[in-house]
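As structure tokens, the structure follows; a few thoughts come after it.
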Amino acid sequence: MKKIISLILTAALLLTFAACNAAGNGTQSANENTGANTSETESAGTSANETGPAPESAVENTDERGTEPTASDGNKILVVYFSWSGNLDKMAHWVADETGGDLIRITAKEAYPESYNDTADRAKSEQDNGVRPEINVDLTSEQMAQYDTVFFGFPVWWYDLPMPMWTFLESYDWNGKTIIPFFSHEGSSNGASALPTVERLAVGATVRSDDALSIRGGNVASSESAVREWVKGLDD
Ligand SMILES: Cc1cc2nc3c(=O)[nH]c(=O)nc-3n(C[C@H](O)[C@H](O)[C@H](O)COP(=O)(O)O)c2cc1C
């Protein structure tokens, strides 16, 4: 019964997103508006609730080879991401594998609840009140200085970036860096306000919003090759 109620509430929220999009609430299709790279084979979609939240454990600040990012290892690519229910986790691992970049997962110090509705409520309240949640990210300014290119992955939350990613962007010097966004959504296919927020907060960076990758949450699991092709095509 709890699962059914949960699914109904999730469907209601997704309908709200869809309705807002249809009303032109700043969320037109990526190709029309931002040029964001969409991989959209519309399906019934998988909500965060169906897949369940990813554990908000300690930051994964190593890449798949188990190396800490250091100022001397010569790797100039960072893949940093936030994920609640696992879609960005998948996408970020593919991006890191394809680029050979270091992989870092941002989590909130106070973990988001397992319940979709509780997480949605907290996320809305944080956004409405401009809260910058404390984050787990074991990356010093010196370590950040080694990266020229930062792949930046996030789920759209309430038509914008999740607030922990605001905290992250405001914590570092972005001068001279290139940020390449990739994101997932359940209707806000152009990221709504998220890409402009990245551009605004990452002062001094070149943000490649026109090249951003956008994948609907329900399609992420079958999008490994699309993600890899996107990475390969970035320098064309
Ligand atoms: C709190 C919350 C708010 C969301 N807000 C939006 C939204 O405004 N627009 C949208 O298209 N999807 C929204 N979604 C759906 C997520 O962007 C989508 O499920 C994404 O694939 C989740 O990525 P993740 O599995 O890495 O957390 C929201 C999900 C949550 C949990």
Side-chain angles (χ1 to χ4, degrees), residues 6-7 9-30 33-34 36 38-57 60 79-96 103-108 110-128 131 133 151-166 181-197 212-223 226-227:
S6 183
L7 284 172
L9 288 170
T10 300
L13 187 55
L14 292 178
L15 280 173
T16 306
F17 295 144
C20 288
N21 288 343
N25 195 15
T27 57
Q28 296 154 30
S29 103
N33 206 20
T34 65
T38 57
S39 175
E40 297 264 34
T41 50
E42 293 292 334
S43 72
T46 304
S47 72
N49 203 28
E50 286 169 289
T51 51
E56 286 270 344
S57 57
E60 230 185 77
V79 181
V80 63
Y81 71 102
F82 176 87
S83 180
W84 179 68
S85 57
N87 289 326
L88 264 301
D89 190 50
K90 290 189 184 74
M91 291 170 70
H93 277 78
W94 296 326
V95 172
L103 181 65
I104 292 185
R105 181 176 188 160
I106 307 294
T107 58
E110 185 193 344
Y112 286 92
E114 292 199 3
S115 149
Y116 181 86
N117 293 316
D118 291 348
T119 294
D121 288 348
R122 175 172 148 193
K124 183 81 172 72
S125 161
E126 286 177 349
Q127 190 185 87
D128 288 350
V131 172
F151 285 81
F152 184 81
F154 59 89
V156 178
W157 271 16
W158 291 111
Y159 315 106
D160 211 316
L161 278 188
M163 295 310 289
M165 292 308 252
W166 290 55
F182 61 100
F183 61 92
S184 181
H185 63 89
E186 279 300 347
S188 306
S189 60
N190 69 348
S193 299
L195 295 174
T197 296
L213 176 67
S214 164
I215 300 184
R216 194 174 192 106
N219 296 338
V220 167
S222 58
S223 294
V227 172

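What you see below is based on every heavy atom in this structure, not just the backbone, and it leaves out hydrogens, waters and symmetry mates. Every number for a ligand or one of its atoms is a count from 1 in the order of the listing. Residue numbers count from 1 along this sequence.
The distance criterion of under 3.5 Å between nitrogen or oxygen atoms is met by Ser188 with respect to ligand 1. Taking any N or O of Val156, backbone or side chain, at least one lies under 3.5 Å from an N or O belonging to ligand 1. Taking distance alone, with nitrogen or oxygen atoms compared against 3.5 Å, Phe82 stays at or beyond that limit from ligand 1. The shortest N/O to N/O separation between Gly86 and ligand 1 falls below 3.5 Å.
Set against the non-hydrogen atoms of Ser85, the atoms of ligand 1 under 4.0 Å away are 22 (C), 24 (P), 25 (O), 27 (O). The ligand atoms of ligand 1 that sit less than 4.0 angstrom from a heavy atom of Tyr159 are 7 (C), 8 (O). Residue Trp84 has at least one heavy-atom neighbour below 4.0 Å for each of these atoms of ligand 1: 24 (P), 26 (O), 27 (O), 31 (C). Short contacts between ligand 1 and Trp158, defined as distances under 4.0 Å to a heavy atom of the residue, involve ligand atoms 3 (C), 4 (C), 5 (N), 6 (C), 7 (C), 8 (O). When each atom of ligand 1 is checked for a heavy atom of Gly187 under 4.0 Å away, the hits are 11 (O). Close approach of ligand 1 to Asn87 (heavy-atom distance below 4.0 Å) involves ligand atoms 20 (C), 21 (O), 22 (C), 23 (O), 24 (P), 25 (O), 26 (O).
Distance alone, capped at 3.5 Å, is enough to place a donor-acceptor pair between the Arg105 side chain and the Ser83 backbone. A donor-acceptor pair is defined here as one N or O able to donate and one able to accept, closer than 3.5 Å; no such pair exists between the side chain of Glu126 and the backbone of Pro133. In this structure, Trp157 contributes its side chain and Lys124 its backbone to no donor-acceptor pair below 3.5 Å. Side-chain atoms of Ser184 come within 3.5 Å of backbone N or O of Ile215 as a donor-acceptor pair.
Scored by the ring pair (Phe, Tyr, Trp, His ring centres under 6.0 Å) test, Phe154 finds Phe152, Phe183 as partners (sequence neighbours excluded). For Trp166, there are no side-chain hydrogen bond (donor to acceptor under 3.5 Å, both in side chains) partners at least two apart in sequence or on another chain.
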Trp94 vs Phe182, ring pair (Phe, Tyr, Trp, His ring centres under 6.0 Å): CA-CA, chis, key distance, verdict | CA-CA 12 Å; Trp94 296 326; Phe182 61 100; over 10 Å; no

